[in-house]
*Asks:* 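My structure is below; once you've seen it, I'll send some questions.
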Amino acid sequence: MKRYLKAVSIALLAVFVIAGCATNQGNKQKNNANNANQPAKATKETGFPNWGYDLQQTRHVPYDKITKDNVNKLGVVWQSDLAGWDKKAPNASEDYPVVKDGVMYVTTSLNKVFAMDASNGKKIWEWTPPKEVQNHLDHADLSLLEIVASRGVAVAEGKVFVLMADNRLIKLDAKTGKMEKMVNFWDVKDMKGVTLENRYYETSAPMYYKGNIYVGSSGGDNGIRGFVMAFKASDLSPAWDAPFWTIPEKGKDWVKGKYTGGGAVWNPMAFDPDTDMMYFGVGNPAPDYFGDIRPGNNPHTDSVVALDSKTGKLVWAKSEVGHDVWDYDAASTPMVLNATVGGKKKKVVVHGGKNGKWFAWDAKSGNTIYDGVPFVKIKHTPAPTDKSKAVLQWPGVEGGQNYGTETYDPGTNYVLIPGINMPSLAVAAKDEKEVEQKNGLFPGTEVLPSPKGTESSGTITAIDLNTGKKVYQNKTKQPMRGGFTSTTTGLAFYGELDGTVSAMDIKTGKKLWNAKTGGQQVMMAPAIYMDNGKQFVTFVTGTKVVTYGLGGKKSLIPEQGKEESGKNDNANDGSSGNKEKGKKQPGNTAAPAIYKKSCASCHGQNLGGGVGPDLTHIGSKMSEQDILNQIINGGGRMPAGMATGDDAKTLARWLSQKK
């Protein structure tokens, strides 16, 4: 985990879990791509111009060609494999594509950016981070990088904006993909400490609003100091006098102790164009499960915060957790809605937390409207310090709602919430000394493997904004990781971790259509857009981009270099952000250390999956020799040489015992 190639190696052994499709290649660019990425015109939008479609992040599109009556006629119209264009293209499963003026933009977890023709999937250009970024990451200590992801780009003013894992903001020319500007956060006044060396990193998509680019940062589990900052899109100079820091500086107020901190803002913000207010979710305090050193509510962690977007000044903040010792971020992006509440039209901000509760506030004042409506199983107590007394806690470290997106349907006045029912078995640190002995590594102690047979599933919950009550709740086989995108015809589209994609009737909750993508780990919500009068729905899975449309009939083709094992319906596949630690095996004491160094950032600290697949039972699918060959030779999106020599043999032997 201490070398970038290792830290972000997408998919140790991914060849047997993730399938994809054959590649469409080409360099055709649509005639109107010269103007791609210009600010939205007064004419009707036909693309998917922002991370959440609109600035309010509702992920609700006005397109009406796909209806409840014809949705069952959807089929594949085009499919592209990023790995066909670039053999080193890593996992893109957490990317939320943006489509602007006929051009689709997709990012991967190594911060590569691809632009493609949205009508046929042909490549327009590809951008790879410069050597300066690569060298920095190659030599940085990334042992505390919990996940490796890039959730998308901002597209505006003829430019594409993307964040680098090592805390930089990049501006590309939208027509050519050429880099025009790069700003290092640590070179910005008042941001000198925002470095990998200080445990900061980036996984979010930046947001564009009225000439500015808005960013946050990951790293809350590492005890960083969370922030939001604005940069001018024109030259990437600071747009605010200083960042908005979500917590006090080190040594002040409750932020005392070497590894105390947190409050990361690791998902995009929502904006209200009527008031210029912005809203975002704030992550957990650290150390995660050891709260003695940080008594009280630890503001503004686990909160939804409202700022004046022009100045970065605080307007209001609302906490979702009193004193967090469960890692219950307010992780996901809030939505700003004009909705019917109590029989009257009202502007509200809504949000579902990792604590498994859903909230609504008055957008201007922050006054509470709905105070914590449960949408998953909730049963937790402070974690014990004795492993023998550890009990399952719901929600677990994955949360009730993680980064997955909600959507709002004005026709029904319903909000749809993507839920996760996956508990964790946590053990708390005995004291601050124990936290420091473990170098502050999440969660300051450990999360034990859950007992075999522990349920891992998901939920789709519809809440009527008029009453704040649940209308229905559907159970899903897989945890709902990616979230929803809805249409004006009352449909909601979503994907699951087994590679299935579906459409449901928002009013009734009935599933009307589903299909396979030919891949695994659909960990994002689709982009839905129009092209030449036709409506399309695009999902990303692995390195594969699959687009469905009415009358589409193309059969799915396995991703290049992949094989389908037929045994990959594990509910934990693709579970990103899994922070559980691997168990030591008798006679193999070096193997967990090798795994942590080379594999854990992609496959989870407890082999449970991340941007790479679940390896908890890999020994039942592959022999020791097959695993060794994969480690040495690579395959699919996995580079060769993740471990070598005796280390490779030790790792292969250890993994072969996971059955």
Side-chain angles (χ1 to χ4, degrees), residues 48 52-53 58-79 96-97 99 375 404-420 457-465 470-531 533-541 545-556 569 571:
F48 202 92
Y53 177 73
T58 67
R59 296 197 73 84
H60 181 78
V61 302
Y63 314 135
D64 59 6
K65 300 300 182 183
I66 301 173
T67 69
K68 297 174 186 179
D69 293 330
N70 64 20
V71 67
N72 59 354
K73 297 179 181 179
L74 286 178
V76 177
V77 293
W78 63 258
Q79 50 194 320
Y96 288 71
V99 182
F375 59 87
T405 55
E406 298 177 10
T407 192
Y408 172 67
D409 175 47
T412 57
N413 203 39
Y414 293 172
V415 167
L416 294 185
I417 306 171
I420 298 171
S457 61
T459 56
I460 299 172
T461 305
I463 292 185
D464 185 342
L465 260 171
K470 285 183 260 189
V471 183
Y472 58 79
Q473 183 172 86
N474 299 337
K475 183 177 180 179
T476 60
K477 180 180 178 182
Q478 314 286 339
M480 288 298 297
R481 294 291 309 186
F484 308 97
T485 304
S486 61
T487 73
T488 194
T489 56
L491 294 170
F493 290 83
Y494 61 94
E496 296 189 61
L497 299 178
D498 62 359
T500 300
V501 293
S502 303
M504 60 177 279
D505 183 333
I506 296 173
K507 185 174 182 179
T508 66
K510 181 180 179 181
K511 188 183 295 186
L512 302 178
W513 169 84
N514 74 319
K516 288 289 187 180
T517 57
Q520 294 289 316
Q521 299 180 330
V522 181
M523 299 165 64
M524 45 71 75
I528 302 178
Y529 60 97
M530 300 289 294
D531 190 275
K534 297 180 179 180
Q535 187 173 338
F536 300 99
V537 182
T538 294
F539 288 90
V540 179
T541 172
V545 184
V546 187
T547 296
Y548 300 87
L550 294 174
K553 296 180 180 179
K554 287 188 178 181
S555 52
L556 294 163
D569 280 343

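Starting from 1, each residue takes its place in the sequence as its number.
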*Asks:* Ignoring hydrogens, what is the shortest heavy-atom contact between Tyr408 and Pro410? Give both atom names and the distance.
*Replies:*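 Minimum heavy-atom contact is O-CD, 3.6 Å.
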
*Asks:* Please check: side-chain N/O of Gln478 versus main-chain N/O of Glu496, any donor-acceptor pairing under 3.5 Å?
*Replies:*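 Not at all, since once roles are kept as given, no pair shorter than 3.5 Å links the two residues.
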
*Asks:* Looking at Arg59 and Pro526, would you say the former's side chain and the latter's main chain have a donor-acceptor pair under 3.5 Å?
*Replies:*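 Yes; at least one donor-acceptor contact below 3.5 Å.
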
*Asks:* Quick check: closest heavy atoms across Ser502 and Asn514, and the distance to 0.1 Å?
*Replies:*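 Taking Ser502 first and Asn514 second, the nearest heavy atoms are OG-CB, 3.4 Å.
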
*Asks:* What verdict does the side-chain contact (heavy atoms from CB on, under 4.5 Å) test give for Leu550 and Lys534, after you've listed the backbone C-alpha separation in whole Å, the side-chain angles of each residue and the deciding distance to 0.1 Å?
*Replies:* CA-CA 8 Å; Leu550 294 174; Lys534 297 180 179 180; over 6 Å; no

*Asks:* Please report the interatomic distance CG(Leu74) to CZ(Phe536), rounded to the nearest 0.5 Å.
*Replies:*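 Here the interatomic distance stands at 10.5 Å.
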
*Asks:* Any non-hydrogen side-chain atom of Val546 less than 4.5 Å from a side-chain atom of Leu556?
*Replies:*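 Of all side-chain heavy-atom pairs linking Leu556 with Val546, at least one is under 4.5 Å.
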
*Asks:* Does the side chain of Asp498 pick up a donor-acceptor pair with the side chain of Thr500 at under 3.5 Å?
*Replies:*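 Checked: Asp498/Thr500 side chains pair up, N/O donor to acceptor below 3.5 Å.
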
*Asks:* Would you say Lys507 has more than 12 foreign heavy atoms packed within less than 6.0 Å of its NZ?
*Replies:*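 No, because the 6.0 Å sphere around NZ of Lys507 holds 12 heavy atoms or fewer from other groups.
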
*Asks:* Could you tell me if the ring centre of Phe484 sits under 6.0 Å from that of Tyr494?
*Replies:*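 Under 6.0 Å, so yes.
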
*Asks:* Could you walk me through whether Thr459 and Met480 satisfy the side-chain contact (heavy atoms from CB on, under 4.5 Å) test, starting with their C-alpha distance in whole Å, then the side-chain angles of each, then the deciding distance to 0.1 Å, before giving a yes or no?
*Replies:* CA-CA 7 Å; Thr459 56; Met480 288 298 297; 6.0 Å; no

*Asks:* State which residues pass salt bridge (Lys or Arg N to Asp or Glu O under 4.0 Å) with Lys553; sequence neighbours excluded, sorted by chain then number.
*Replies:*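 If we apply the salt bridge (Lys or Arg N to Asp or Glu O under 4.0 Å) test to Lys553, skipping adjacent residues, there are no hits.
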
*Asks:* Please identify each residue that fulfils ring-ring contact (aromatic ring centres under 6.0 Å, His included) with Tyr414, with sequence neighbours left out.
*Replies:*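 Testing Tyr414 for ring-ring contact (aromatic ring centres under 6.0 Å, His included), a comparison that skips the adjacent residues, returns none.
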
*Asks:* Looking at Thr58, Ile506, Leu465, Asp464, which one forms a side chain to side chain contact (heavy atoms under 4.5 Å, CB included) with Val415?
*Replies:*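 Testing each of Thr58, Ile506, Leu465, Asp464 against Val415, the sole residue satisfying side chain to side chain contact (heavy atoms under 4.5 Å, CB included) is Leu465.
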
*Asks:* How many angstroms lie between CZ in Arg481 and CD1 in Ile420, if you round to the nearest 0.5 Å?
*Replies:*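 Result: 4.5 Å between the selected atoms.
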
*Asks:* Indicate whether the side chain of Thr541 and that of Gln521 have a donor and an acceptor atom separated by less than 3.5 Å.
*Replies:*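 Short answer, no.
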
*Asks:* Hey, what do you get for CE (Met530) to CG (Asp64), rounding to the nearest 0.5 Å?
*Replies:*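 One finds 7.0 Å between CE of Met530 and CG of Asp64.
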
*Asks:* Drop me the distance from Ile528's CD1 to Phe539's CZ, to the nearest 0.5 angstrom.
*Replies:*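 CZ of Phe539 is found 7.0 Å from CD1 of Ile528.
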
*Asks:* Can you name the nearest heavy-atom pair linking Phe493 to Val71, along with the distance?
*Replies:*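 Minimum heavy-atom contact is CZ-CG2, 4.2 Å.
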
*Asks:* Do you know which two heavy atoms are closest between Pro97 and Val540, and how far apart they sit?
*Replies:*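 Closest approach of Pro97 to Val540: CG-CG2, 3.7 Å.
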
*Asks:* Closer than 3.5 angstrom, by distance alone: can the side chain of Tyr529 be matched with the main-chain N or O of Val61 as a donor-acceptor pair?
*Replies:*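 Side chain of Tyr529 to backbone of Val61, a donor-acceptor pair under 3.5 Å: no, none is there.
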
*Asks:* Could you tell me if Thr407 and His60 have a donor-acceptor pair between their side chains, going purely by distance under 3.5 Å?
*Replies:*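 Side chains of His60 and Thr407: no pair found under 3.5 Å.
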
*Asks:* Where is the tightest heavy-atom contact between Thr485 and Phe48, given as atom of each residue plus distance?
*Replies:*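 Scanning both residues completely, I find the closest heavy atoms to be CG2-CE1, 3.8 Å.
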
*Asks:* If you define the side chain from C-beta out and look only at heavy atoms, does anything of Tyr548 sit under 4.5 Å from Val501?
*Replies:*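 They are in side-chain contact.
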
*Asks:* Given the rule in the side-chain contact (heavy atoms from CB on, under 4.5 Å) test, do Ile66 and Thr487 qualify, once you have shown the distances and angles that lead to the verdict?
*Replies:* CA-CA 8 Å; Ile66 301 173; Thr487 73; over 6 Å; no

*Asks:* Of Gln473, Glu406, Lys470, which is the lone residue that meets side-chain hydrogen bond (donor to acceptor under 3.5 Å, both in side chains) with Thr461?
*Replies:*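 Between Thr461 and the candidates, side-chain hydrogen bond (donor to acceptor under 3.5 Å, both in side chains) is satisfied uniquely by Gln473.
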
*Asks:* Quick check: do Thr489 and Lys68 have side-chain heavy atoms less than 4.5 Å from each other?
*Replies:*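 Heavy-atom side-chain distance check fails, nothing below 4.5 Å.
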
*Asks:* Can you check whether Lys65's main-chain N or O pairs, donor with acceptor, with Asn70's side chain at less than 3.5 Å?
*Replies:*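 Answer holds: yes.
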
*Asks:* Quick check: does any side chain N or O of Thr517 sit under 3.5 Å from a backbone N or O of Gly499, one acting as donor and the other as acceptor?
*Replies:*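 Pair found, side chain donor or acceptor close to backbone of Gly499.
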
*Asks:* Would you sort out whether Thr405 and Tyr53 count as a side-chain contact (heavy atoms from CB on, under 4.5 Å), showing the intermediate values?
*Replies:* CA-CA 11 Å; Thr405 55; Tyr53 177 73; over 6 Å; no

*Asks:* Of all the heavy-atom pairs spanning Thr538 and Met524, show the shortest one and how long it is.
*Replies:*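 Shortest heavy-atom separation between Thr538 and Met524 comes out as O-CE, 4.1 Å.
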
*Asks:* Would you check if Met504 and Asn474 make a side-chain contact, meaning some heavy-atom pair closer than 4.5 Å?
*Replies:*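 The answer is yes; the side chains approach within 4.5 Å.
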
